[in-house]
Amino acid sequence: MPTRIFTGFGGLKIVADIYGDENDPSVLLLPGGMQTRHVWKQAARLMAQAGRFVICPDLRGHGDSDISEDGNYTLDSFIADLIAILAQLSSRPVIVGSTLGGWIALTALGEAEVPLATGLVLTNPPPEISSDNAKALTRAVGKRVDEQSENDTFDQKILDGGFDFVDLETRLHNAAKYLKCPTLIVRGTDDQTSLPQSTNVLADLVADCEVAEIEGGGHYVAFDNADDFNAVLLEFVERHIPREPPEYISGSDARTLRDAMGCFATGITVITTIDPQGKPVGLTVNSFSSVSLDPALVLVCLDQGANTLSAFQNATAFAVNILHIGQQPISNLFATKDADRFSNIDWEKWDQGVPVIANSLANFECITRSMIEQGDHIIFVGEVVRAKFEQRRDPLLYYSGKYRRLHFN
């Protein structure tokens, strides 16, 4: 089957097998500790046959993925790899994780500020950590290592360095309270490390959680009882994230055109200038674009019905203020008619005398070079004479009629 190379945390190469059509809803299958992507072959083929696009990566230090030269196999490093992989997918997947893979996924999703997946399936949550339980987990991993084939390789530093299960348990339970997607926990009834009590404790923390038990299953129930597990997995996915064909809407009416244009995600800007009386004016605009770097030209499109349009037509300069995610109230303020827009915000003047909104993601001071009337808008082309930006902040975005924010850094 084809493979794909992802870039993980710190630039590590993460190798994954892929199955199915990339246009189908995606499923990400994560192996557990000391396992490689090959353990998921049966499940991956089944999910692909059911109309899913399946990605099976090797964790860092496992299989064909890069090892960590500095021995970094902490929980945070695995989480960072997962987030990096998700950022390189075209859609949010259902994530399925065996043991450690599932624990990593739950922690990552619960600690994220925004939904990163459409669903989560994990097997056998870790028990309440004690010295005896830690030893039991070590024995289970060791037994599995002994049973693995020569092709299932891993970096010995993973075992030599150990893994902080106490940190995992604490963060796992805290993250579970904030999980934002349908979740399924699958437990094997014969697993001596993940007991019913620990499973129920974790399930009670998750807002939308189901528990399924597979009779006779052990710690690696997803593979030792593959037929039963795959049936439970497919039923959960089909019920919560059904595969539906794309529903395209076509037409030439204004509503269809507006909605289609809304599929183009944009930043949010506030355009400002001074009216003939010297009063600052401005409005929220997302029709903004770079035109040229030499000379430095940008354009903005203003509705001919805007009550501040004449001020921009009579002015010789204007400013473009790109907003960050903390400035959504400013966007709303400048989109409200008859609002006192400048009295409660910080702003300043630069060389051209137009108002510049302080602490924005970026500001451009522009001299008006041309105005072009097209349809119900007027295009203002400005020459940038000064720019300022703060690269550590994230932009406020607008998509499909709603404010959005970046899912990944």
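The basis for the numbers below is simple: all heavy atoms, side chains too, and nothing from hydrogens, waters or symmetry mates. Being a predicted model, the structure only gives us computed values, none of them experimental.
N225 and E215 form no side-chain donor-acceptor contact under 3.5 Å, judged by distance and modelled atom types alone. Side-chain contact, Y398 with S331: no donor N or O sits under 3.5 Å from an acceptor N or O. Judged by distance alone, the side chains of W350 and E348 do bring a donor and an acceptor atom under 3.5 Å apart.
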Show me, pair by pair, the donor-acceptor contacts under 3.5 angstrom made by side chains of residues 367-377, not counting sequence neighbours?
{"from": "R369", "atom 1": "NE", "to": "E383", "atom 2": "OE1", "distance (Å)": "2.7"}
{"from": "R369", "atom 1": "NH2", "to": "E383", "atom 2": "OE1", "distance (Å)": "2.7"}
{"from": "E373", "atom 1": "OE2", "to": "Q304", "atom 2": "NE2", "distance (Å)": "3.2"}

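With S68 as the partner, the side chain to side chain donor-acceptor pair (under 3.5 Å) test is satisfied by one option alone out of N72, D70, D66: D70.
At least one side-chain heavy atom of K180 sits less than 4.5 Å from a side-chain heavy atom of P115. Considering only heavy atoms from C-beta on, Q327 stays 4.5 Å or farther from L396 through its side chain.
R37 has a carboxylate O that lies under 4.0 Å from a charged side-chain N of D58, or vice versa, which qualifies the two as a salt bridge. Comment: D17 does not engage K41 in a salt bridge, judged by the lack of any side-chain N to carboxylate O separation of less than 4.0 angstrom. Ion pairing of K349 with E365 is absent here, as no side-chain N (NZ or NE/NH1/NH2) approaches a carboxylate O to less than 4.0 Å.
Contacts of H240 classified as ring-ring contact (aromatic ring centres under 6.0 Å, His included), with partners at least two apart in sequence or in another chain: F236. For Q49, there are no side-chain hydrogen bond (donor to acceptor under 3.5 Å, both in side chains) partners, not counting sequence neighbours.
For D204, the CG atom is densely surrounded, since the number of other residues' heavy atoms within 6.0 Å is greater than 12. No more than 12 heavy-atom neighbours from other residues, nucleotides or ligands sit within 6.0 angstrom of CG on D346.
Relative ring orientation between F380 and F312 is described as perpendicular, the plane-to-plane angle rising above 60° on a 0-90° scale split at 30° and 60°. Under the 30°/60° scheme for interplanar angles, the aromatic rings of F364 and F288 are found to be tilted.
Remark: the backbone N or O of V27 is not paired with any side-chain donor or acceptor of R52 at under 3.5 angstrom. Judged by distance alone, the side chain of H324 and the main-chain N or O of N359 form a donor-acceptor pair under 3.5 Å.
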